[in-house]
Amino acid sequence: MAGFLGRLRPVVSARPVAHQVFALQVVIVLFLALAAAASLVLQARADGEKEARDRALAVARTFSHAPGVRSALAAEDPSAVLQPRAEAARRAAGVDFIVVMTPQGVRHTHPNPAQIGRQYIGTIGPAAQGGTVRETVTGTLGPSTRAVVPVTEADGRVVGLVSAGITLERVSETANHQLPLLLSATGVALGLSVLGTGLVSRRLRQQTHGLEPAEMTRMYEHHDAVLHAVREGVLIVDDDGRVALANDEARRLLDLPADAEGRTPSAAGVDPDLAGLLAEGRTATDEVYVARGRLLAVSQRPTDRDGGPCGSVVTLRDTTELRSLAGRADAARQRLRLLYDAGLRIGSRLDVEYTSQELADFAVPRFADYVAVDLAEPVLRGEEPAHSDPGLRRVAFRGVRDDVPFLPLGELVRFSPATPQGAGFRTGRSVLEPDMAAFAGWQEPDPGRALEVVAAGVHSLIAVPLRARGVVLGVATFWRSRQPEPFDQDDVALGEELVARAAVSIDNARRYTREHAMAATLQRSLLPRALPEQNALDVARRYLPALAGRGGVGGDWFDVIPLPGARVGLVVGDVVGHGLHAAATMGRLRTAVHNFSTLDLPPDELLWHLDELVTRIDQDESGDGEVAPVTGATCLYVVYDPSTRWCTLARAGHLQPALLQPDGRAGYIDVPAGPPLGLGGLPFESAALRLPPGSSLVLYTDGLVEDRHRDIDEGLELLRRALADSAGGPEETCDRVLESLLPERPHDDVALLVARTRTLGDDRTAAWDVPCDPSAVGAVRAEAARTLAAWGLEEESFVTELIVSELVTNAVRHASPPIRLRLIRDRALICEVSDGSSTSPHLRRAATTDEGGRGLFLVAQFADRWGTRYTADGKVIWTEQPLPEGRRADGG
């Protein structure tokens with residue numbers, strides 16, 4: 001030991017502490033000096049920028065309050081007055097520009113006269129409101145610090161703006177003028193500091209040169225203690241190839257004897273390969289050698305550098321456990337990466353089968369060679385499975401080969417408890433089958449197919465139940481064939497983690513499927529299942545709900561409502577939002593439209609009543625924050641009269657309807673735009689036009705023309721072109737429109753209604769003007785009877801004469817002229833009596849002592865339906881009598 005310390009003394013003294021202290025102090029002084037210089041430069045720049053901002057603001061304010069500025073702004077040519085004054089003020093104030101502008105930012109002055117009349121570059125909003133703007137903006141003169149202030153009249157009104165600024169280039173020049181002085185001061189301070197440091201280091205070297213022997217001994221003892229306490233083996237081999245020093249860790253790793261020092265490594269029992277390296281003395285870095293069953297990382301360096309003694313120093317590190325830990329860490333890292341990627345790639349859609357296939361596609365071949373996902377039948381319908389019925393349907397499969405005879409997709413299999421899938425589904429625990437060739441029950445229910453699977457090289461499987469929120473949805477099965485090692489418990493744990501993440505996505509998709517099915521069922525139950533029979537319009541309709549995962553069921557609806565007088569009402573609407581609430585709200589609005597239509601209201605009045613209803617609904621539900629408001633729903637209501645061909649339309653926030661002319665021209669009907677339902681306080685207006693026979697009305701919701709990849713105007717133009725290119729009836733028109741406009745997966749519901757108009761021929765209507773004389777009732781009744789005979793409706797004559805007699809008599813007695821009677825032969829026999837009075841008759845039951853009052857009661861008894869319709873000139877009392885099947889009009 002003493003010889004070693006004697007050799008170590010020159011090495012320690014080769015680099016005195018004084019030299020190290022001197023170098024460290026020089027670095028610190030240099031760093032501080034440079035930091036101080038940089039901070040001074042930055043401070044100078046910051047002070048320059050602040051001074052520039054203050055000067056710009058002061059100049060702008062001074063010029064804005066200068067006499068004559070306000071009057072010049074009001075002059076016919078403000079630039080002629082203000083430009084010379086601004087340039088003179090700019091040169092006097094030492095700024096780069098003074099710009100006078102309008103409150104809208106149009107320049108009156110500028111250092112470059114070509115910029116006068118152009119828009120000011122910068123923020124002017126706060127200044128136009130009476131405030132002040134201070135900013136740094138790149139303008140026509142480059143980056144500049146500027147201020148914008150208002151020019152106000154005595155009443156506070158802003159009549160102009162003044163901007164003054166200084167370019168950053170001038171600010172930088174001001175700061176750069178101070179740079180030589182700062183650098184000179186820094187250099188002087190650095191020189192003085194280095195000189196002082198050198199003197200201190202020299203003094204320190206002189207003082208440590210004569211250390212006492214006890215102090216030096218204590219220093220070497222500390223070095224020796226540290227050398228033997230490290231957890232790394234250290235060997236020092238002298239120039240003769242003998243071991244000069246071996247610390248405790250080196251003795252343990254190499255199992256050296258107590259007298260190893262002074263002997264060669266081979267004589268000390270070191271393994272031959274490592275002993276050869278120590279004898280050569282060559283430089284080595286982390287070379288791995290086997291010694292006493294351990295893997296040692298060996299590094300060797302010569303010691304004769306910088307005048308040291310000849311020999312080499314060797315360090316030894318045990319990497320046996322480290323390599324094992326590194327292997328396990330690498331495997332764990334790969335598994336974490338696998339699970340992380342699974343979270344990103346599985347569950348991209350709310351679709352049960354698609355998500356199951358994502359799991360299979362992801363796991364092959366990263367985890368297994370073949371993967372199948374079997375789900376319980378109720379899961380596919382959005383329901384929770386019942387454990388009493390273990391029937392599973394294969395919904396996803398993926399493998400590295402296609403010739404292995406696994407169960408095909410779509411097959412329903414009832415796994416017995418002996419199979420891993422059946423056991424996993426019933427117990428909720430994973431099942432490992434490391435050796436499939438043993439046929440321990442997994443081959444059920446098809447032993448022949450199982451033999452072919454094993455013959456194809458499949459040797460191991462894991463069945464993992466798909467469990468989410470306490471419910472087992474199905475089983476995922478993993479098979480291994482290419483890798484010879486079978487699945488083990490670590491693979492089971494990894495498979496469970498992988499399946500658990502997929503199970504949550506599948507369960508979310510199942511829940512969405514259930515909610516979507518409920519909403520779709522509700523919506524289908526609320527929409528008209530069949531169009532009502534009527535002869536006024538030839539109607540075709542299409543309704544396409546948004547696909548799952550792209551918005552779900554929405555609130556679009558349509559309706560065809562027969563009205564009195566052979567008229568027909570058409571309705572198309574859209575409720576804001578998607579899901580159950582939108583579908584239920586759609587049903588409420590559709591029912592309301594039906595109820596309001598029974599009152600035979602004009603389209604604009606019907607929308608007004610519907611708007612009031614939506615407002616009340618929102619008020620009633622405003623206390624529940626979870627319920628979305630109805631406000632924003634849209635509706636289009638159309639009434640068509642085939643006898644006059646007049647069409648009346650009104651819309652509440654809805655898109656304009658389209659019209660396809662009989663000659664093939666297509667366009668849009670200009671209907672006054674009303675607000676969406678629920679806003680309240682705004683009136684609705686209607687439009688009326690007379691349609692040529694054979695015209696087609698096209699009503700639709702915004703899902704048909706709106707798309708995230710195109711503008712709505714482009715969608716409307718595509719619809720117009722599709723209508724112009726369509727040929728055939730309404731059904732063909734619907735198909736042509738949907739084919740031209742809809743993408744493969746629409747993100748919103750689509751409702752489309754195409755109605756081709758018909759007319760009532762002269763042979764199906766008859767009308768008479770009735771004088772206001774009770775004696776005229778008999779003549780009108782006789783005319784009605786002759787008309788019915790001409791129509792072949794003699795059997796209806798008695799009831800019709802009674803109805804005509806009572807209605808016309810009431811009009812003559814209680815109403816005002818003009819009085820008119822009209823008979824319409826449609827699917828029912830319609831009788832209309834119009835007059836100039838707005839008073840509606842009331843049905844009542846006459847007492848036995850009353851002489852009259854039974855006429856309207858009799859009309860209600862004999863007629864199938866009756867009612868009152870108000871017009872701009874009075875009212876119409878109408879009745880409908882059912883006709884036998886063969887006597888009805890054919891609707892041609």
Side-chain angles (χ1 to χ4, degrees), residues 334-382 384-385 390-402 404 406-413 415 419-425 428-433 458 460-483 487 490-514 548-549:
Q334 293 179 357
R335 296 188 176 193
L336 288 175
R337 183 65 183 179
L338 179 69
L339 296 177
Y340 175 77
D341 292 343
L344 295 178
R345 295 177 53 183
I346 299 176
S348 60
R349 293 186 188 175
L350 288 173
D351 185 274
V352 172
E353 296 186 14
Y354 188 87
T355 305
S356 301
Q357 189 62 47
E358 284 182 329
L359 170 61
D361 294 341
F362 176 80
V364 176
R366 300 180 65 173
F367 178 66
D369 298 316
Y370 302 92
V371 176
V373 179
D374 305 310
L375 298 179
E377 278 283 284
V379 174
L380 301 178
R381 301 190 298 268
E384 290 190 1
L392 303 178
R393 188 172 297 277
R394 180 146 299 177
V395 297
F397 180 80
R398 180 67 183 272
V400 294
R401 291 167 49 190
D402 298 332
V404 180
F406 287 102
L407 293 174
L409 282 174
E411 184 165 340
L412 180 64
V413 185
F415 293 101
T419 61
Q421 292 88 348
F425 183 77
R429 292 190 293 271
S430 302
V431 178
L432 170 64
E433 189 71 37
V458 181
S460 177
L461 73 84
I462 302 175
V464 182
L466 284 155
R467 187 183 186 94
R469 301 178 178 93
V471 178
V472 179
L473 308 175
V475 179
T477 308
F478 304 91
W479 290 275
R480 180 173 285 178
S481 63
R482 291 186 175 181
Q483 187 174 343
F487 285 119
D490 290 340
D491 295 321
V492 173
L494 178 59
E496 289 177 345
E497 288 287 340
L498 183 62
V499 170
R501 295 176 180 240
V504 174
S505 298
I506 292 176
D507 188 57
N508 290 338
R510 177 190 68 83
R511 291 168 179 261
Y512 178 82
T513 301
R514 179 183 61 188

Visitor: Please report the interatomic distance OG1(T477) to CD(Q421), rounded to the nearest 0.5 Å.
Guide: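 That separation rounds to 4.0 Å.
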Visitor: I need the S356 OG to R394 CZ distance, nearest 0.5 Å.
Guide: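 Atom-to-atom, S356:OG and R394:CZ are 12.0 Å apart.
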Visitor: In this structure, which one of L409, I506, L380 forms a side chain to side chain contact (heavy atoms under 4.5 Å, CB included) with E353?
Guide: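 Answer after filtering L409, I506, L380: L380.
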Visitor: List the steps and the verdict of side-chain contact (heavy atoms from CB on, under 4.5 Å) for V352 and V379.
Guide: CA-CA 8 Å; V352 172; V379 174; 4.2 Å; yes
Visitor: Measuring from atom CZ of F406 to atom CZ of R401, what distance do you get when rounded to the nearest 0.5 angstrom?
Guide: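 Rounded to the nearest 0.5 Å, the CZ-CZ separation comes to 9.5 Å.
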Visitor: Are any of the side-chain nitrogens in R393 or D374 under 4.0 Å away from the carboxylate oxygens of its partner?
Guide: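 The answer is no: the pair does not qualify as a salt bridge.
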Visitor: Report the distance from atom OG1 of T355 to atom CG of D507, rounding to the nearest 0.5 Å.
Guide: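 Answer rounded to 0.5 Å: 11.0 Å.
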Visitor: Heavy-atom count around R429 CZ within 6.0 Å, excluding the residue itself: above 12?
Guide: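 Not buried by this count: 12 neighbours or fewer within 6.0 Å.
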Visitor: How far does CG of L432 sit from OG of S460, to the nearest 0.5 angstrom?
Guide: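 The distance works out to 6.0 Å.
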Visitor: Given side chains that start at C-beta, do those of L466 and L375 come closer than 4.5 Å, heavy atoms only?
Guide: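 Sidechains of L375 and L466: in contact.
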Visitor: With a 4.0 Å cut-off, would you call R398 and D361 a salt bridge?
Guide: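 Looking at D361 together with R398, the answer is yes, because their closest N to O distance falls below 4.0 Å.
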Visitor: Do L392 and V413 come within less than 4.5 Å of each other through their side chains, counting heavy atoms only?
Guide: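 Result no, sub-4.5 Å side-chain heavy-atom pair not found.
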Visitor: Verify the ring-centre separation between F478 and F367: is it less than 6.0 angstrom?
Guide: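 Judged by ring-centre distance (under 6.0 Å), F367 and F478 do meet the cut-off.
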Visitor: Is it true that R480 and D491 make a salt bridge, defined as a side-chain N closer than 4.0 Å to a carboxylate O?
Guide: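 Yes, this pair counts.
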Visitor: Classify the ring geometry between Y370 and F397 as parallel (under 30°), tilted (30 to 60°) or perpendicular (over 60°).
Guide: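 Judged by the thresholds at 30° and 60°, the geometry between Y370 and F397 is parallel.
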